[in-house]
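Only this structure's heavy atoms are used, side chains among them; waters, hydrogens and symmetry mates stay out. What you see is a predicted model, and the numbers here were worked out from it, not measured in a lab. Just so it is clear: chains get the letters A, B, ... in the order the sequence lines come, proteins before strands, and each one is counted from 1.
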There are 2 protein chains.
Amino acid sequence: MSLRLALLALLTARPMTGFDVMGQFDESVGYLWHAPHTQIYPELRKLEALGLVEGVEVARGERGKKRIYSITDLGKTQLRDWMNEVDEPRRDRDPYRLKAAYFEWAEPESAYAQLAAHVVHYTAAEQLYRQMHDDILARRHPLLKQRLANIPADQHEAVVRFKAFAYSGLVRRARGEVDWAREGLALLESLHPDLKLSVDTARAGDTTSTT
Amino acid sequence: MSLRLALLALLTARPMTGFDVMGQFDESVGYLWHAPHTQIYPELRKLEALGLVEGVEVARGERGKKRIYSITDLGKTQLRDWMNEVDEPRRDRDPYRLKAAYFEWAEPESAYAQLAAHVVHYTAAEQLYRQMHDDILARRHPLLKQRLANIPADQHEAVVRFKAFAYSGLVRRARGEVDWAREGLALLESLHPDLKLSVDTARAGDTTSTT
DNA sequence: CGAGCCATGTAAACAGTTACATGATTCT
DNA sequence: AGAATCATGTAACTGTTTACATGGCTCG
């Protein structure tokens, strides 16, 4: 259901083509939910069949065409209903923790490399999420600006704060991942004091640390 | 691949039936990875067909039977290979943050109820994970004891520490979820000062808080 | 003998990934 | 003319959920 929710929510900002949705899924909303175009196009068709969105075909140049989707009143009602549902938390599925639990089966060097990559990835992710968070609060984010333009000014504050709140959660998670992975690196170093230096060297040359 | 990894890793502790695996997936490993029996039984058959595990049928009473699976040498090699692979972090899919980003579409009461449920759930989860963490470090955990019995004593420390490390990650995540949800509750209260009390009352009577 | 546990499946539907495919428009 | 971007799909496969099914064992 999350993909549908993401699509409907996105279309409340402005009408879009499937291609536009793709673009948003590569940035902004894409950090909250991502889907490839092979899932987006069919799903928009399904939403249209359900009457939740409406698509109109529009010419593009001489022969080209594109399909612009807007959310319908029914779609807004459905969105509101989904948003009001309390879905009980999903059972956790955690590939990182699963793998870490059995690190005794990996070479220490490779466990180290995995945790180092984790640090690199989530350090960059945290930066990115924090940037988004700040852009939202400052109302610099382009899609957010369009969204706000369509609704009364007295609701702007709530809309902005909710989005910032969501990103603050992403920042928090990313920071947690980094702290956790560092804890793991320290553990590996304490278990294999002899390997430490060689791996550290490998990491410096390997992972193209961006910080 | 995570399900297979979880199954193979589990079978390194001791041979098990599909039913035993189910039991473990309802506790211990189940916090790291979960699958219903409808996925476990066919997957074990597939692993057997691949030669990664070996199943022997054993009588149970007069007419009953069960199938006990053990990991093969090939399975151990495969497990080691998977553990050494550095899988680059998956694209984030985050239903909670997605939903929170569009809370302006929910009734404040219902947004509040969702975050309150989040707090309750992850508070309980944190307790549980912390308990597991402590049981592991103290080597009280039954499956862990069996696992340690099969390997040289000089490897015990590493095995125990890796498992504890994984659970420490779960504890960290759960705590992050609670903090985040509380941040959201505070936000809702600041946006709707008038609603606060009524919702608070509803929460106290509603969610059977266990702390 | 009934309740609760042990034990194992199939099938349909839904969600997500990966591979394969096509073509127009715009800018340089 | 070629590259970058806009635009949209189908199909096969893998993974996960949900519904439907069955039957034996053990203990009170």
With sequence neighbours left out, write down each residue that passes side chain to side chain donor-acceptor pair (under 3.5 Å) with [X], or none if nothing qualifies.
{"X": "Arg97(B)", "value": "Asp94(B), Glu177(B)"}
{"X": "Trp105(B)", "value": "none"}
{"X": "Ser2(A)", "value": "none"}
{"X": "Asn84(B)", "value": "Ser110(A)"}

[atom1] of [X] versus [atom2] of [N]: gap in Å, rounded?
{"X": "His34(B)", "N": "dT18(D)", "atom1": "NE2", "atom2": "P", "value": "11 Å"}
{"X": "His37(B)", "N": "dT18(D)", "atom1": "NE2", "atom2": "C1'", "value": "11 Å"}
{"X": "Trp33(B)", "N": "dG15(D)", "atom1": "CH2", "atom2": "P", "value": "10 Å"}
{"X": "Met1(B)", "N": "dC13(D)", "atom1": "CE", "atom2": "C1'", "value": "13 Å"}
{"X": "Glu43(A)", "N": "dT8(D)", "atom1": "CD", "atom2": "P", "value": "16 Å"}
{"X": "Ile40(A)", "N": "dT10(D)", "atom1": "CD1", "atom2": "C1'", "value": "16 Å"}
{"X": "Arg4(B)", "N": "dT16(D)", "atom1": "CZ", "atom2": "C1'", "value": "14 Å"}

Return the set of residues passing side-chain contact (heavy atoms from CB on, under 4.5 Å) with Glu62(B) (not counting sequence neighbours), or none when no residue passes.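 For Glu62(B), no residue satisfies side-chain contact (heavy atoms from CB on, under 4.5 Å) once neighbours in sequence are set aside.
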Scan [X] against the nucleic acid and name what it touches under 4.0 Å (heavy atoms): base, sugar-phosphate only, or nothing.
{"X": "Arg45(A)", "result": "sugar-phosphate"}
{"X": "Arg91(A)", "result": "nothing"}
{"X": "Arg90(B)", "result": "sugar-phosphate"}

When you list every nucleotide of DNA chain C with an atom under 4.0 Å from a heavy atom of chain A, which one comes first 5' to 3', and which comes last?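 Listing 5' to 3', DNA chain C meets chain A from dA15(C) to dT25(C).
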Nucleotide N/O of nucleotides 3-7 of chain D paired with protein N/O under 3.5 Å:
residue	atom	partner	partner atom	Å
dC6(D)	O2	Arg60(A)	NH2	3.4
dA7(D)	OP1	Lys66(A)	NZ	3.0

Holding to ring pair (Phe, Tyr, Trp, His ring centres under 6.0 Å), I want the full list of residues that pass it with Tyr96(A), two or more places apart in sequence or in another chain.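 Listed in chain order: His118(A).
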Quick check on DNA chain C: between Gln39(A) and Glu62(A), whose nearest nucleotide comes earlier from the 5' end?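 On the 5' side of the pair lies Gln39(A).
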Can you pull out every side chain to side chain donor-acceptor pair (under 3.5 Å) where at least one residue sits in residues 13-35 of chain B? Sequence neighbours excluded, please.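 Side chain to side chain donor-acceptor pair (under 3.5 Å) check on residues 13-35 of chain B returns Arg14(B)-Gln146(B), Thr17(B)-Asp20(B), Gln24(B)-Ser28(B).
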Would you call Glu107(A)-Arg80(B) a salt bridge at under 4.0 Å N-O?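 Looking at Glu107(A) and Arg80(B), the cut-off is not met.
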Is the shortest side-chain N to carboxylate O distance from Glu57(A) to Lys66(A) below 4.0 Å?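 Here Glu57(A) does not pair with Lys66(A) in a salt bridge, since their nearest N and O are not under 4.0 Å apart.
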Kindly say whether, by distance alone, the side chain of Thr38(B) makes a donor-acceptor pair under 3.5 Å with the base of dT18(D)?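 Flag set: donor-acceptor pair detected.
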